[in-house]
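FYI, the numbering just counts along the sequence from 1. Only this structure's heavy atoms are used, side chains among them; waters, hydrogens and symmetry mates stay out. Each ligand, and each atom within it, is numbered from 1 in the order the structure gives.
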Amino acid sequence: MKITKLVRTFLSQNQWFKNCRNLRSGAVKESVDCVVIGAGVVGIAVARELSLNYGRNVLVIESDSSFGTGSSSRNSQVIHGGIYYPPASLKGRFCVRGRRLLYEYCKQHGIPHKQIGKLIVATRHEEVPKLSYLLNRGNENGVEGLRMMEASEAMAMEPHLQCIKALWSPTSGIIDSHSLMLSLLGEAESHGTTFCYNNTVVGAHFEGNQIYLHVSETETVKKCDHHSQQHPDILLLPKLVVNSAGLSAAAVARCFRGINPGVIPPYYYARGCYFSLLSSKVPPFKHLIYPIPEDGGLGVHVTLDLDGQIKFGPDVEWLDPIDDISSIQNKFDYTVCADRAQKFYPEIRKYYPSLKDDSLQPGYAGIRPKVSGPGAGFADFIIQGEETHGIPGLVNLFGIESPGLTSSMAIAEHVATQLSV
Ligand SMILES: Cc1cc2nc3c(=O)[nH]c(=O)nc-3n(C[C@H](O)[C@H](O)[C@H](O)COP(=O)(O)OP(=O)(O)OC[C@H]3O[C@@H](n4cnc5c(N)ncnc54)[C@H](O)[C@@H]3O)c2cc1C
């Protein structure tokens, strides 16, 4: 039976997995075409690409009760130009390609977005050479329209801004990422993709060239402790698997029996908190304002919602390591501690000196899945296929941090090509 029919018949009432629960001693096996693990913006874009442009039957397994609840809804919603990344890197290439695809897609599908442009600002003389470096790097990456601005011009554009020089990036913008995901998901579904929520991939094993994916209901997985053995409710036998599990991608891969653990990168987690500006009648900024990048992030910047609400963030807070079971159970701490505001005020006042006391309120937090630790410098996206891990039909996506939202459609294109579908 084709996966779409199977899923429509059974999964729509979630009967399939319920039926399977009683069969633990010999878990049910089902052959499927493609499985995407994780319904974040990247997993959804991959599912859309495979089903729409390659006619594949895709089953997306998502541990949460809805799509896009991970990093994809906990970010700055900025469409990046592609300035910061080394020219030959995947981040550099996918950001530029992804941005172009994204703007085109937004126009065609009516996704709310605004190409408002961005100013990267130097507030001290020592920072000016860094702006020149970013200008050169952006030019090498093919970012259109970059231009150095004197302080007077930048401050005329943004009267609340204080800087000594700025780099103007006219192609940067903002997007309603939920609308984007909803649209990509709708297209994927109408081309045969099925989204299966509340189910978690807990492992895999390999027999010959066949992948056996172990899937259990999330409710059951959440009850497991470190000592209980995880029995899958069902074994899926897919031809293709894309591990797009975001923060949990490395933990998921480590639960694949038979994969060389040496190919799975270490994961580090860096939380980034946002604070909103208490509403003012007129928002103080009309463009994105970014300081010079810091270790682990792009600096506490100004971003705007499509309704003009200003927020500042994200900062960088390296978190303690998390074990694989907790990672798969999605035990990540997104708390925004109100005290962190005290660190935000001096950072923001470097470029926005008139920021008033007590004007920041806690917003939300996101967590970056990083493949290099504190002080280790640039690390690229890792898109890992058979040539690295030796397993036909499996692609692992590791370290898909910023600019993952901007790059999502380009990553999807690349993954489909890598799978030679
Ligand atoms: C603070 C912050 C700011 C950012 N700002 C920007 C920005 O402005 N612009 C930009 O381009 N990018 C930005 N990014 C990066 C961007 O948000 C991410 O790269 C992108 O959302 C990653 O999408 P994803 O689908 O890979 O991961 P996610 O959105 O995390 O999705 C992964 C999904 O997998 C599911 N899952 C996990 N484990 C399992 C399992 N075992 N079985 C089944 N499902 C599982 C999760 O529930 C989740 O839904 C930012 C990121 C952060 C953290």
Side-chain angles (χ1 to χ4, degrees), residues 35-47 59-82 84 91 94-95 98-99 102 118 172-175 177 180-181 184 195-204 213-218 221 230 242-256 269-274 288 290 296-298 300-301 303 311 313-317 324-325 327-330 332 334 363-370 381 383 397-412:
V35 171
V36 173
I37 308 170
V41 68
V42 175
I44 298 170
V46 169
L59 176 61
V60 181
I61 307 281
E62 167 54 52
S63 55
D64 213 334
S65 56
S66 185
F67 63 90
T69 59
S71 302
S72 299
S73 56
R74 299 174 163 279
N75 56 50
S76 303
Q77 303 202 89
V78 168
I79 301 177
H80 286 294
Y84 300 97
K91 283 183 178 172
F94 293 162
C95 187
R99 163 174 51 80
L102 207 51
K118 155 161 123 176
S172 306
I174 50 175
I175 182 170
S177 55
L180 170 69
M181 287 189 275
L184 294 170
F195 286 79
C196 178
Y197 300 108
N198 299 310
N199 281 281
T200 299
V201 173
V202 291
L213 215 50
H214 304 187
V215 183
S216 291
E217 278 190 44
T218 300
V221 175
Q230 187 56 251
V242 180
N243 172 8
S244 181
L247 294 172
S248 311
V252 167
R254 271 193 292 270
C255 296
F256 288 4
Y269 299 99
R271 182 166 46 206
C273 293
Y274 292 86
L288 300 161
Y290 277 58
L298 297 182
V300 171
H301 51 258
T303 185
K311 61 190 184 231
D315 61 350
V316 177
E317 181 191 5
D324 288 347
I325 294 176
S327 174
I328 287 175
Q329 290 173 329
N330 205 12
F332 295 101
Y334 292 108
Y364 59 93
I367 299 177
R368 307 166 180 92
K370 291 198 159 281
F381 292 150
I383 300 190
L397 304 181
F398 296 129
I400 310 296
E401 53 167 334
S402 188
L405 170 63
T406 311
S407 307
S408 51
M409 296 183 78
I411 294 175

Margin query: Considering non-hydrogen atoms of the protein only, which is the closest contact for atom 10 (C) of ligand 1, and what is the distance?
Written below: L405 CB, 3.4 Å

Notebook entry, point to check: What protein heavy atom is closest to atom 2 (C) of ligand 1, reported as residue, atom name and distance in Å?
Noted result: R74 O, 3.6 Å

Checklist line | Distance-minimising heavy-atom pair for G404 and V42 | finding: O-CG2, 4.1 Å

Check: Does the side chain of Y197 reach to within under 4.5 Å of the side chain of D64, using non-hydrogen atoms?
Finding: no

Notebook entry, point to check: Heavy atom under 4.0 Å from ligand 1: found in S72's side chain, backbone, both, or neither?
Noted result: both

Notebook entry, point to check: From F381 CZ over to I383 CD1, what is the distance, rounded to the nearest 0.5 angstrom?
Noted result: 7.5 Å

Next item on the list: Check the pair Y364, K311 against side chain to side chain contact (heavy atoms under 4.5 Å, CB included), reporting the backbone distance first and the verdict last.
Entry: CA-CA 10 Å; Y364 59 93; K311 61 190 184 231; 3.1 Å; yes

Next item on the list: Could you tell me whether S407 and ligand 1 have an N or O pair separated by under 3.5 Å?
Entry: no

Note to self: Tell me whether the rings of Y334 and F332 are parallel (<30°), tilted (30 to 60°) or perpendicular (>60°).
What the structure shows: tilted

Margin query: Could you tell me, atom by atom, which parts of ligand 1 come under 4.0 Å of a heavy atom of G404?
Written below: 11 (O), 12 (N), 15 (C), 19 (O)

Note to self: Please list the nearest protein heavy atom to atom 17 (O) of ligand 1 with its residue and the distance rounded to 0.1 Å.
What the structure shows: N75 ND2, 3.0 Å

Note to self: With a cutoff of 4.0 Å, is Y274 in contact with ligand 1, counting heavy atoms of the residue only?
What the structure shows: yes

Item checked: Those atoms of ligand 1 less than 4.0 Å from some heavy atom in I367 -> 53 (C)

Checklist line | Atom pair CG (L247) and CD1 (I328), whose distance is rounded to the nearest 0.5 Å | finding: 12.5 Å

Next item on the list: Quick one: closest heavy-atom pair of S72 and V41, and the distance?
Entry: OG-N, 2.9 Å

Item checked: Location of contacts on I37 toward ligand 1, heavy atoms closer than 4.0 Å -> side chain

Margin query: Is the contact between H80 and ligand 1 made by the side chain, the backbone, both, or neither, using heavy atoms and a 4.0 Å cut-off?
Written below: side chain

Notebook entry, point to check: What atoms of ligand 1 come within less than 4.0 Å of a heavy atom belonging to S248?
Noted result: 37 (C), 38 (N)

Next item on the list: Look up atom OG in S244 and atom CD1 in I61, then write down how far apart they are to the nearest 0.5 Å.
Entry: 13.0 Å

Checklist line | Minimum-distance pair of heavy atoms, taken over all atoms of I44 and A39 | finding: CD1-O, 3.7 Å

Item checked: Close N or O approach (V78, ligand 1; < 3.5 Å) -> yes

Next item on the list: Identify which of S244, S76, G70 has a heavy atom lying nearest to atom 32 (C) of ligand 1.
Entry: S244

Margin query: For a quick test of reading the model, state the closest non-hydrogen atom pair linking L184 to M409 and the distance between them.
Written below: CD2-CE, 4.3 Å

Next item on the list: Identify the protein heavy atom lying closest to atom 42 (N) of ligand 1, giving its residue, its atom name and the separation to 0.1 Å.
Entry: V201 N, 3.0 Å

Check: Counting each atom of ligand 1 from 1 as listed, which ones have a heavy atom of V42 under 4.0 Å away?
Finding: 23 (O), 24 (P), 25 (O), 26 (O)

Check: How far is atom 18 (C) of ligand 1 from its nearest protein heavy atom, and which residue and atom is that?
Finding: I400 O, 3.6 Å

Check: By number and element, which atoms of ligand 1 are closer than 4.0 Å to a non-hydrogen atom of V252?
Finding: 41 (N)

Notebook entry, point to check: Nearest protein heavy atom to atom 31 (O) of ligand 1, by residue and atom, and its distance?
Noted result: G40 CA, 3.4 Å

Next item on the list: Kindly determine whether Y290 and S172 satisfy side-chain hydrogen bond (donor to acceptor under 3.5 Å, both in side chains), including the steps that lead there.
Entry: CA-CA 11 Å; Y290 277 58; S172 306; over 6 Å; no

Notebook entry, point to check: Which protein heavy atom lies closest to atom 34 (O) of ligand 1, and at what distance to 0.1 Å?
Noted result: G38 CA, 3.2 Å

Notebook entry, point to check: Does ligand 1 have a heavy atom under 4.0 Å from the side chain of T303, from its backbone, from both, or from neither?
Noted result: neither

Notebook entry, point to check: Counting heavy atoms only, which of S63, S408, S177 comes nearest to atom 45 (C) of ligand 1?
Noted result: S63

Check: Who pairs with T218 by side chain to side chain donor-acceptor pair (under 3.5 Å), at least two apart in sequence or on another chain?
Finding: T200

Notebook entry, point to check: Considering only protein heavy atoms, which is closest to atom 48 (C) of ligand 1, and at what distance to one decimal place?
Noted result: E62 OE1, 3.5 Å

Next item on the list: Report the residues that fulfil salt bridge (charged side-chain N to carboxylate O under 4.0 Å, His left out) with K91, sequence neighbours left out, ordered by chain and then residue number.
Entry: E401

Check: Could you go step by step and tell me if S76 and H301 meet the side chain to side chain contact (heavy atoms under 4.5 Å, CB included) rule?
Finding: CA-CA 9 Å; S76 303; H301 51 258; 3.2 Å; yes

Next item on the list: Grab the two heavy atoms, one from L213 and one from V35, that are nearest each other, plus how far apart they are.
Entry: CD2-CG1, 3.5 Å

Check: Short list, please: which atoms of ligand 1 are under 4.0 Å from a heavy atom of Q77?
Finding: 8 (O)

Notebook entry, point to check: Near T200, which atoms of ligand 1 are under 4.0 Å from a heavy atom of that residue?
Noted result: 40 (C), 41 (N), 42 (N)

Item checked: For G43, the ligand 1 atoms whose distance to one of its heavy atoms is below 4.0 Å -> 25 (O)

